[in-house]
Amino acid sequence: MEKTTTFPFRYTAFAISVAGFAVSLPLSIWLGSGYLFPLVFGALSALGVWDLKQRKHTISRNYPIMANFRYLFESIGPEIRQYFIQSDTEERPFSREQRSIVYQRAKNVLDKRPFGSQIGMYEEGFEWMNHSITPTRLATSDFRILIGKNCDKPYNASVFNISAMSFGALSANAVLSLNTGARKGGFYHDTGEGSISRYHRQPGGDLVWEIGSGYFGCRHPDGTFNPEMFERNATLDQVKMIEVKLSQGAKPGHGGILPGAKVTPEIAEARGVSVGEDCVSPPSHSAFSNPVELLEFIDTLRTLSGGKPVGFKLAIGHPWEWFAIVKAMLDTGRKPDFIVVDGGEGGTGAAPIEFINRLGMPMTEALLLVHNTLVGTNLREDIAIGAAGKITSAFNIARTLALGADWCNSARGYMFSLGCIQALSCHTGHCPSGVATQDPRRGQKLDVALKSERVYNYHKNTLDALQNLLEASGLNHPSELGPEHIVRRVSKAEVHSYLDLFPFLEPGALLEGKTGLRVFDKYWQAAQPDTFEPPEFIRALRETKLR
């Protein structure tokens, strides 16, 4: 290949910088006019020399100085798209319209819209709620569901609560604000698997204590479950329920680690680990290894807590594993008081892109599977179901309850109420709103008195909006919502209610073998109550490509 002898155009910025420095420095000395231009041209020249000498970025070596503008614009690309390019209804991951309604309700300002809907009502996937000619008039929007009705200490929960977010993922002031708002509004605040911190305790709001595979707040030094420590925390009046986390929607089966450098004295205090020690959440639990042991563990926690409701949270993956748990319930008579279904569209501070995008069942299908299985085995009336997955509005709540849930949780919705701007920098520690950071210089700027009021407002105004929907539909309580109330467009010329679109089992149908659904026909009989292992025919398939 012939070597180019002309001066490369891509070096123009570097050449101008060097020339500018060479000219401006003596001129500044001669004229005594200051050194602004020599400093600017000198800095650019130094940057160009660095670009040429370094070996990490080929683009920088080929385009000294100019390549840095490319990296700058790439770094602010999400913000450019979010604020100047995306439409109001484009969800990436939450649309401007979804965020705006949270901000407006949190600030107690007008959340009305003029001139009609911006949503394409004739596009596939559009959903709506049927109304009634005879609306009702309800006295309150403080809708509640009793959880753990067979427990000594059942809990009357709001139908809209704060989903699991740990102290350590969120700043101290964010946790204080969430719990203060929850206390004022009478709804619960899930601790996340980071356990109960001083910032959860201080305001006094209701807590659901999430127990993950790291057993933070109830662990021995080797990371195994510590019943004595559990009992001390679980019997606190502020703790209303205990939730065993089997998996979460954003990164099911992944586990996690908080590096020792980020384990401050306050985080160590909450989690029961040493300051500066890596905080590890294994992918699976050590307190149980099969469905029967899981249910025994739940019974143990219920006893140690003094009779409070105990359940588990899971993202649905292999159907036979979920069926194995239900079969264990039938065989042993042991049951959780509640199950929280976490959809694959759930969020997290940090997870591999494949986990976020392609692992775990979305909430709609997961909730339907859990609800149908419990109905089909006559267990549904004894086990309450919560659900989480991009729930921010009253309609989101209504459609989720219509699919079979009893209540809903939201994490990112309440983050928006705190002032989160979806900067997508949760994993960097540089959250601009002070919500998802452990940098005290950022987190302390979040005003607890103001933001806790906005958390309260968001909850109240969202439930007020749900009340309006229920009244317009002729209903008296969210528990009356069913699949007949929600309609989805499946094509330009065809719509179906959830009742016709999705399968719903009759009570006991699964026990009688009359489901007519392939997932049950294929995996229910093969699932075993004493193991999470795959059925024999699945194991055989894994040994060959000849299928």
Side-chain angles (χ1 to χ4, degrees), residues 78-79 82-83 91-108 158 160-182 184-185 187-194 197 199-200 203 205 207-208 210 248-251 342-343 345-351 356 363 387-393 396-397 408-439 442-448 450-462:
E79 289 79 8
Q82 178 173 323
Y83 290 106
E91 298 185 28
R92 294 293 186 275
F94 286 85
S95 70
R96 185 181 286 109
E97 181 181 76
Q98 289 171 316
R99 300 194 306 273
S100 294
I101 197 169
V102 176
Y103 297 147
Q104 290 167 334
R105 287 175 175 169
K107 295 175 183 177
N108 236 354
S158 169
F160 188 47
N161 303 282
I162 302 171
S163 196
M165 295 180 284
S166 300
F167 170 57
L170 299 189
S171 67
N173 280 16
V175 174
L176 281 170
S177 300
L178 290 171
N179 197 261
T180 302
K184 183 175 181 181
F187 53 102
Y188 79 65
H189 178 192
D190 193 311
T191 65
E193 65 176 304
S197 71
Y199 303 109
H200 292 96
L207 294 175
V208 170
E210 183 177 87
Q248 69 181 87
K251 49 179 179 180
D342 210 23
E345 61 269 58
T348 186
I356 289 177
M363 186 190 68
K390 293 189 74 172
I391 296 171
T392 57
S393 71
N396 294 155
I397 297 172
C408 296
N409 293 337
S410 176
R412 288 167 290 179
Y414 283 100
M415 288 176 69
F416 290 141
S417 75
L418 290 173
C420 167
I421 62 171
Q422 193 172 269
L424 306 181
S425 58
C426 310
H427 60 300
T428 67
H430 300 149
C431 171
S433 59
V435 176
T437 180
Q438 286 304 299
D439 182 346
R442 294 172 179 267
Q444 288 171 4
K445 299 296 192 299
L446 192 152
D447 187 283
V448 174
L450 174 65
K451 300 301 185 180
S452 62
E453 191 68 16
R454 291 185 177 178
V455 170
Y456 164 77
N457 289 339
Y458 170 55
H459 174 268
K460 182 180 185 304
N461 289 328
T462 301

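Summarising the geometry, atom CG belonging to Asn396 is positioned 7.5 Å from atom CE belonging to Met363; distances are rounded to the nearest 0.5 Å. We find the CD1-CZ distance between Ile101 and Phe94 to be 13.0 Å, quoted to the nearest 0.5 Å. Distance check, rounded to the nearest 0.5 Å: CG of Leu418 to OH of Tyr103 gives 10.5 Å. Atom CD1 of Ile162 is separated from atom OH of Tyr458 by 10.5 Å, given to the nearest 0.5 angstrom. Residue Ser410 holds its OG atom at 7.5 Å from CE of Met165, rounded to the nearest 0.5 Å. One finds the OG atom of Ser197 at 7.5 Å from the CG atom of Leu176 (value rounded to the nearest 0.5 Å).
For the residue pair Asp190 / Asn161, no side-chain donor-acceptor distance below 3.5 Å is found, with atom types taken as modelled. A side-chain donor-acceptor contact under 3.5 Å links Asn179 and His189.
Here the shortest heavy-atom pairing between Ser433 and Gly419 reads CB-O, 3.4 Å. In plain terms, the two heavy atoms of Ser417 and Arg454 that are nearest each other are O-CB, 3.5 Å. Listed here is the closest heavy atom pair of Gly413 and Val102: O-CG1, 3.4 Å. Pairing each heavy atom of Cys420 with each of Val435, the nearest pair is N-CG2, 4.2 Å. Heavy-atom minimum distance, Pro203 versus Tyr199: CD-O, 3.2 Å.
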Quick one: do Thr180 and Tyr456 satisfy side-chain contact (heavy atoms from CB on, under 4.5 Å)? Show the steps, please. CA-CA 8 Å; Thr180 302; Tyr456 164 77; over 6 Å; no

Before you tell me yes or no, could you show the steps for Phe160 and Tyr188 under side-chain contact (heavy atoms from CB on, under 4.5 Å), namely the whole-Å CA-CA distance, both residues' side-chain angles and the distance that decides it to 0.1 Å? CA-CA 8 Å; Phe160 188 47; Tyr188 79 65; over 6 Å; no

Evaluate the side-chain contact (heavy atoms from CB on, under 4.5 Å) criterion for residues Leu446 and Ser177: first the C-alpha distance (whole Å), next the side-chain angles of each, then the deciding distance (0.1 Å), finally the verdict. CA-CA 9 Å; Leu446 192 152; Ser177 300; 3.4 Å; yes

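Judged purely by atom type and a 3.5 angstrom limit, Ser166 uses its side chain to pair as donor or acceptor with the backbone of Gly194. Side-chain atoms of Ser95 come within 3.5 Å of backbone atoms of Gln98 as a donor-acceptor pair (strictly under, hydrogens ignored). Within the 3.5 Å criterion, the main-chain N or O of Leu170 finds a donor-acceptor partner in the side chain of Gln438. At distances below 3.5 Å, not a single donor-acceptor pair connects side-chain atoms of Glu453 with backbone N or O atoms of Leu450. Here the side chain of Asn461 pairs a donor or acceptor atom with the backbone of Arg105 at under 3.5 angstrom. Between the side chain of Asn409 and the backbone N or O of Ser163, no donor-acceptor pair lies under 3.5 Å.
Legend: residues meeting salt bridge (Lys or Arg N to Asp or Glu O under 4.0 Å) with Asp447, ordered by chain and number and at least two apart, are absent.
Sequence neighbours left out, not one pair with a member in residues 412-425 passes salt bridge (charged side-chain N to carboxylate O under 4.0 Å, His left out).
Annotation: side chain of Ile421 is in contact with side chain of Pro432 (closest heavy-atom distance under 4.5 Å).
Between Phe187 and His459, the angle of the ring planes stays under 30°, which puts this pair in the parallel group of the 30/60° scheme.
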